[in-house]
Amino acid sequence: MNSSADSAAAEVSELRFPCADAPVPGMPVEISDGVLWFRFPLPMALDHVNVYALRDMDGWTVVDTGINSSLTRKIWLEVMAGPLGGRPVRRVVLTHHHPDHVGLAGWFKHEFGAEIWSTRVAWLMARMLTLDVQPRHTPESIRFYRDAGVPEDMIAARSRERPFNFADIVHPVPAGFRRIQDGETVEFGRRSWRVRFGGGHAPDHATFWCREDALIIGGDQFLADISPNIGVYPTEPEANPLRDWLESCARFQDHADNESLVLVGHKVPYTGLEVRLRQLVENHISALGRLREHLIQPRSAADCLKVLFKRDIDQENYGFAIVESVAHLNFLHQGGEASRSRRNDGAWQFIAN
Ligand SMILES: [Zn+2]
Ligand SMILES: [Zn+2]
């Protein structure tokens, strides 16, 4: 242990929020020279997404967009005419493929000729998911819930409902885009940004680092007040996103400092990324510790929710919770710390080794 590093870390033991007054929809906060922070509403418990507009010589670069809804489009039209001064949005840079971030990328291209800059995986995922409209839950998703030990009455209720479709809140994603690659330097917003990919919350999640101005665009990879969802989905039931997440945090730690302002996808920007990365890892390590103790008896993913989240999970959060529980159990199982077998009802049950 390096004691001088320890005392230095102890001095900066907390995150700082230098611009705690969040913008109201349509009205930006100028968070750095030529960097406007906007908020767009979301129709869910997490009721907003942050979007950034960066002033370029010839117009604007927009980082993430909000969902595709008539309300979001209306706010954008007001923003373009007002705070953006009628200057064109030249490009939309996407941090990752989730609908609150990519929702209007296609609209900006289709209506205003903006270029879409995206990782290849984010673009492929967004385009595939918008084209994949399902009137009913697929056999794979029913199988996934059963594997996870979701109660049969809940599965029966779900299988009668029309499932959430990505295209419900995402504008069609056009065929053409400009690819962003890990490690390259890109120019937008009159700055140079080093691109660094993360994983775990979304595959190939792009983050952008400007050393000169001490700015980091973190999307959902570096959220401060909430822990990003780490989930396994029916498309890839054996995925191990928690391993990807922990590996990403370790890689980012080589570059993180506690001075750069981190522009996040939700809640408010902050400084203290080095501290925050440590907290994010510790949260999962302690959750894994609780689970190991809980798995002294065989348990399904559904049996682990209360231990994992330290509270009862309501219906609204059940979907997010179950995918996260599977992620933690897959991590333990694939890391050799737990074994699994089929329960009589078909669910995977895990037991600590
Ligand atoms: Zn996300
Ligand atoms: Zn998000």
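Read the numbers this way: they start at 1 and go in the same order the structure lists the ligands and their atoms. FYI, side chains are in, hydrogens and waters are out, and symmetry mates aren't considered; it's all heavy atoms of this structure.
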query: Donor-acceptor pair, Asn330 side chain versus Ala327 backbone, under 3.5 Å?
result: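 No, because the side chain of Asn330 does not come within donor-acceptor range (under 3.5 Å) of the backbone of Ala327.
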query: With distance as the sole test, does His110 use its side chain to make a donor-acceptor pair with the main-chain N or O of His171 at under 3.5 Å?
result: no
- request: Flag this pair as yes if the NZ/CZ of Arg179 is under 6.0 angstrom from the six-membered ring centre of Trp123 and inside a 45 degree cone about the axis; otherwise no.
  value: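 So Arg179 doesn't make the cation-pi contact.
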- prompt: side-chain contact (heavy atoms from CB on, under 4.5 Å) between Val102 and Thr65: does it pass, once the steps are laid out?
  reply: CA-CA 6 Å; Val102 308; Thr65 69; 5.5 Å; no
- request: Give a yes or no on whether Glu236 atom CD has more than 12 heavy-atom contacts from other residues, nucleotides or ligands under 6.0 Å away.
  value: no
message: Please give the atom name: the N, O or S atom of His201 nearest to the Zn ion (ligand 1).
response: NE2
message: Among the N, O or S atoms of His98, which one sits nearest to the Zn ion (ligand 1)?
response: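 Closest N, O or S atom of His98 to the Zn ion (ligand 1): ND1.
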N/O/S atom of His101 inside 2.8 Å of the Zn ion (ligand 2), strictly under: yes
message: Rounding to 10°, state the angle centred on the Zn ion (ligand 1) that links NE2 in His96 with OD2 in Asp220.
response: 90°
- prompt: In Asp100, what N, O or S atom is nearest to the Zn ion (ligand 2), if we give its atom name?
  reply: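 Going through the N, O and S atoms of Asp100 one by one, OD2 ends up nearest to the Zn ion (ligand 2).
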- prompt: With respect to the Zn ion (ligand 2), what is the nearest N, O or S atom of His266?
  reply: NE2
